[in-house]
Amino acid sequence: MKKIAISLLCITMLASSLLLGGCSSKQAENSQSEEKEAKKELVLALGSEPDGGFDPINGWGRYGSPLFQSTLLKRDQDMNIINDLATGYEVSEDGLTWTVNIREDAKFSDGQPLTSEDVVFTFEKLMESSSTVDLTFVDSVTSKSDYSLEFKLKSPRSTFISNLIATGIVPKKSYTSEYYQNPIGSGPLVLVQWDKGQQIIVKPNENYYGQKPNFDKITFLFLEEDAAFAAAKAGQLDMTAIPPSYASQKIEGMKLTEVSSVDNRGIMFPTVKSGEADADSNPIGNDVTSDLAIRQAINVALDRQAIVDGVLEGYGTKAYSICDKMPWWNEETVTTDNDVDLAKKILADGGWIDADGDGILEKDNIKAEFNLVYPSGDQLRQSLAMVVADMVKPIGINIVIEAKTWDEIEAVLHKDAILMGWGSQDPLEMYNVYSSKMKGVEWYNPGYYENQKVDEYMEKALQARSEEEANEYWKKAQWDGETGLSGKGDIPWVWLVNRSHLYLVNDKLDIGKQQIQPHGHGWPLTSNIEQWKWID
C-alpha cells in the first residue's frame, strides 16, 4: 500500500488540474497490484472534517456513529433500539427515574475499565456545557454501583432515550481539554493519526467488546466534492459521498449506492397575520401565508415527483412530513399532490379571486403574493424555490424568490416563507419545530404556529414511558382524523422532498444494510462500520 502522503499528493494534483491522469501510469499499475494484496485497508471520503474534533461533549457523533466511543443504546439498521454499553434500562411509573445497567466487560482503548462513573461524568459534562444538547430537564445522574446508574429527571421526557443513543461515553480519569484531538473511548475504532485539514487514520480497537471491524486501517480524507470524485475516478478511493450531479458518471470498479434519508427540504410559512415584532424588533407574521387556503392550495398543487426527478435527478423521495418513514411517522400524512384543479377550488372556496385579471388572486385587497427566501449559495434550495414558484403560478399565487445570507434570513425569519431543511433520528425535533412553546426560539417554529390539540399530543408523547407509547402520540399530533400539524391539517410547513444520500462504493466492498440517514451532517454511513467487509 502506498503511503497516504503519496495518495494525497496525487489527489491534490487531480483536483487542481482536473486531469484524471495526474498520477503516472506506473503509479496506477502499482496501485492495482497493491489493491489485490491490501484488502484490509480502506480509503474513504465521506464528508467534511468535524469542526469540534472527536469529543462527544462538543457534539461529535450526533449525526452518525461516534466511532471511537460507545453509547448506552443504539439503533439497528431497521431503526429498532438495542443495547450497546447498556444491558438494560427501566423507567419509573412517574417517568422521572431512569435506571440503566451497563455491561461489565467494556474497556477504553487504553485498557482501563469503563464503569458507571464514566457515564455519570460524561452526562455531567454535557449538563455543564449545554453546547450541543439540551439536558436542562435532567436533575441529576448518580452511580448506584460500578455497573448501574440512575438519572433523575425534573419532568418526564420519553425522548431522553435519544440522548442515551447519541451520547458517546468519555473516560473520567483521562479526559482533558485536549480530548477532542486524542479521543480515548470504548468504541470499535481508535484514532491513530489526525492531519488537520487533510485526513484521519483509524484502526480497530483491540479492547472493543463487540464485533471488531474487518479492516486493519481506514483512512478518512477531507476532500471537496470535485476532488473526491476525481480521486475516486483515479482509483484512489474505496468510497466517497457524491452529489446527484455526479451520479450518472460511471466509474469502473465502483457502484452507485443510494441510501434513504429523512434529510428533507420544505417551506416554512408564517401562520399568523402581520402586526407584531419579536424582541429584536424583527417583524412577525404574513397576511398571505397565514391564510390556510393558501397553504392548502400550494400543498396539493405541487408535483413532488417532478421535483424529485428534476431537481434531485431522481435520487430522493416525495416528502409529506418532517419524519417520513421514521418509527413515529404517521402514514396518513400522505396527501394528494399535482392537482391544480383542486388547488384552484380550495382558493376559490377560501375567497381568493382574480378581480383585476392580472393572473394573481386577491382577497380583502391583498394580493396572493409573498417572498420565498433561501440561503444564498445553496444551489439545491435555489432550484427548489424556482420550481415551486413556477408550479404555483398557474393557480394564481405569485412567489418572489430571494437569496439571503443566514444573518439576513434571521431578520425576516418570522415574516417570509423560508426554504429550510431538517431531518433527525430523534422525535424531539418535531416538538421543537411545531410546539407553541418554541415559537420564535432560535430557528425553531419561526412561523409562530400554534394548535392546542397538537401541543397536548406532543406533551403526552414526551411524558410517555416507552417509545411505542410515545410514537402513538407523535402520530396523532401529525393527524388524528380531525386536526394535526401535517398536510391534512394546519400545514405550517409544506414538505417537498427527502434527499437520497449517494455514495460511490468499490464493487468489492460490502457496507451492509444502512439506516435511514438523518440530515446531512457527520458520517451516518459509519453507523455499522464494524459490519463492512471485502468480498473477493
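Partners of Phe123 according to the ring-ring contact (aromatic ring centres under 6.0 Å, His included) rule, which considers only residues two or more places apart in sequence or in another chain, are Phe151. A search for side chain to side chain contact (heavy atoms under 4.5 Å, CB included) contacts involving Pro56 returns Trp60, Gln69, Val170, Tyr179, not counting sequence neighbours. When the salt bridge (charged side-chain N to carboxylate O under 4.0 Å, His left out) test is applied to Lys476, no partner is found at least two apart in sequence or on another chain. Evaluation of the side chain to side chain contact (heavy atoms under 4.5 Å, CB included) rule for Thr159 yields Arg157, Asp426, Pro427, Leu428, Leu462, Trp474 as partners, not counting sequence neighbours. Evaluation of the salt bridge (charged side-chain N to carboxylate O under 4.0 Å, His left out) rule for Glu456 yields Lys453 as partners, not counting sequence neighbours. Residues that satisfy the side chain to side chain donor-acceptor pair (under 3.5 Å) test with Asn264, not counting sequence neighbours, are absent from this structure. Applying the side chain to side chain contact (heavy atoms under 4.5 Å, CB included) test to Asp349 and every residue at least two apart in sequence or in another chain returns Lys345.
Here salt bridge (charged side-chain N to carboxylate O under 4.0 Å, His left out) pairs that include residues 487-499, with residues two or more places apart or in two chains, number zero. Judged as a salt bridge (charged side-chain N to carboxylate O under 4.0 Å, His left out), the pairs with a partner in residues 294-306 (not counting sequence neighbours) are, in order, Arg304-Asp337. Contacts classified as side-chain hydrogen bond (donor to acceptor under 3.5 Å, both in side chains) and involving residues 415-425 (residues at least two apart or in different chains) are given here: Gln425-Gln515.
Side-chain contact, His501 with Asp263: a donor N or O sits under 3.5 Å from an acceptor N or O. Side-chain atoms of Thr335 and Asn299 form a donor-acceptor pair, as typed in the model, at a separation below 3.5 Å. Residues Asn58 and Tyr180 bring no donor and acceptor atom of their side chains to less than 3.5 Å of each other. In this structure, a donor-acceptor pair under 3.5 Å is present between the side chains of Glu459 and Tyr431. Between Glu49 and Trp194, the side chains place a donor N or O and an acceptor N or O closer than 3.5 Å (distance only, hydrogens not considered). With 3.5 Å as the limit, one finds a donor-acceptor pair spanning the side chains of Gln514 and Asn528.
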Would you mind writing out the side-chain donor-acceptor pairs for residues 305-317 within the sub-3.5 Å range, not counting sequence neighbours?
from: Gln305; atom 1: NE2; to: Asp309; atom 2: OD1; distance (Å): 3.0
from: Thr317; atom 1: OG1; to: Asn498; atom 2: ND2; distance (Å): 3.3

Tell me which donor-acceptor pairs under 3.5 Å the side chains of residues 392-404 have, and how far apart each pair is, sequence neighbours excluded?
from: Asn398; atom 1: ND2; to: Glu369; atom 2: OE2; distance (Å): 2.5
from: Glu402; atom 1: OE1; to: Lys404; atom 2: NZ; distance (Å): 3.4

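Classification of the Trp523-Phe54 ring pair by plane angle, with boundaries at 30° and 60°, yields tilted.
Under a cutoff of 6.0 Å and an axis angle of 45°, Lys475 and Trp479 do not form a cation-pi pair.
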